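Written below as structure tokens is the structure these notes are about.
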Amino acid sequence: MKHLFVAQDKTLMPRWQAAFAEAKCVSPEQAERLGDADTLVWVLKEEQETDGPSLVRRIAKQSTVVVLSMMPDNTAAIDALQQGAEGMPTLLARPKS
């Protein structure tokens with residue numbers, strides 16, 4: 001499975017890089033272009049669009065999406081799930097490699 005991280009500064013926290021050594025940080029456009037059924041796209045909550053079809057909704061049509069947030073809340077989590085995300089953990093979670 002491929003792992004793509006959509007992050008504005010295109011850097012990955014060291015704990016996430018250690019867990020997903022082959023992961024790539026990409027732009028939203030690259031995530032849409034590179035994603036497929038064998039891709040898990042991690043989207044930082046701050047990267048979601050506010051107008052038109054959301055990035056999560058667009059990517060979820062072809063890939064599995066997980067939304068990451070520094071401080072997830074119930075409203076944001078419900079919104080992310082309704083847009084097609086599979087989950088919404090905190091960005092500070094300790095991923096299992």
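None of these values were measured; they are calculated from a predicted model. The figures that follow rest on heavy atoms only: side chains count, while hydrogens, waters and symmetry mates do not.
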Sequence neighbours excluded, which residues qualify as side chain to side chain contact (heavy atoms under 4.5 Å, CB included) partners of Leu34?
Leu4, Val26, Gln30
Would a 4.5 Å heavy-atom cut-off, applied to side chains only, mark Phe20 and Leu12 as touching?
no
Heavy-atom distance under 4.5 Å between the side chains of Glu32 and Val41, does that happen here?
no
Please check if atom CG in Asp36 has more than 12 non-hydrogen atoms from other residues, nucleotides or ligands closer than 6.0 Å.
yes
Mind listing the closest non-hydrogen atom pair of Ile59 and Ala31 along with its distance?
CD1-CB, 3.7 Å
Mind listing the closest non-hydrogen atom pair of Trp16 and Thr90 along with its distance?
CZ2-O, 4.2 Å
Could you tell me which non-hydrogen atom of Thr39 sits nearest to which non-hydrogen atom of Ser63, and how far apart they are?
O-CB, 3.5 Å
Enter the distance from Gln62:CD to Arg33:CZ here, rounded to the nearest 0.5 Å.
11.0 Å
Name of the residue among Val43, Val65, Val67 meeting side chain to side chain contact (heavy atoms under 4.5 Å, CB included) with Leu55:
Val43
Could you give all pairs that pass the salt bridge (Lys or Arg N to Asp or Glu O under 4.0 Å) test and reach residues 61-70, with sequence neighbours left out?
none
Check whether Glu22 reaches the backbone of His3 with its side chain - one donor and one acceptor, N or O, closer than 3.5 Å.
no
What's the shortest heavy-atom distance between Ala77 and Met88, and which atoms?
CA-SD, 3.4 Å
Given the rule that I, L, V, M, F, W and Y join up when any side-chain heavy atoms are under 4.5 Å apart, are Leu81 and Met71 in one cluster?
no
Please answer: with hydrophobic residues joined when any side-chain heavy atoms are less than 4.5 Å apart, are Phe5 and Met13 in the same cluster?
yes
Partners of Asp38 by salt bridge (Lys or Arg N to Asp or Glu O under 4.0 Å), sequence neighbours excluded?
none
To the nearest 0.5 Å, how far apart are CZ in Arg57 and CD in Gln82?
8.5 Å
In terms of heavy-atom contacts, Ala60 and Gly84 come closest through CB-O, 3.8 Å
Contact between Leu91 and Ser69 at the side-chain level, heavy atoms closer than 4.5 Å - yes or no?
no
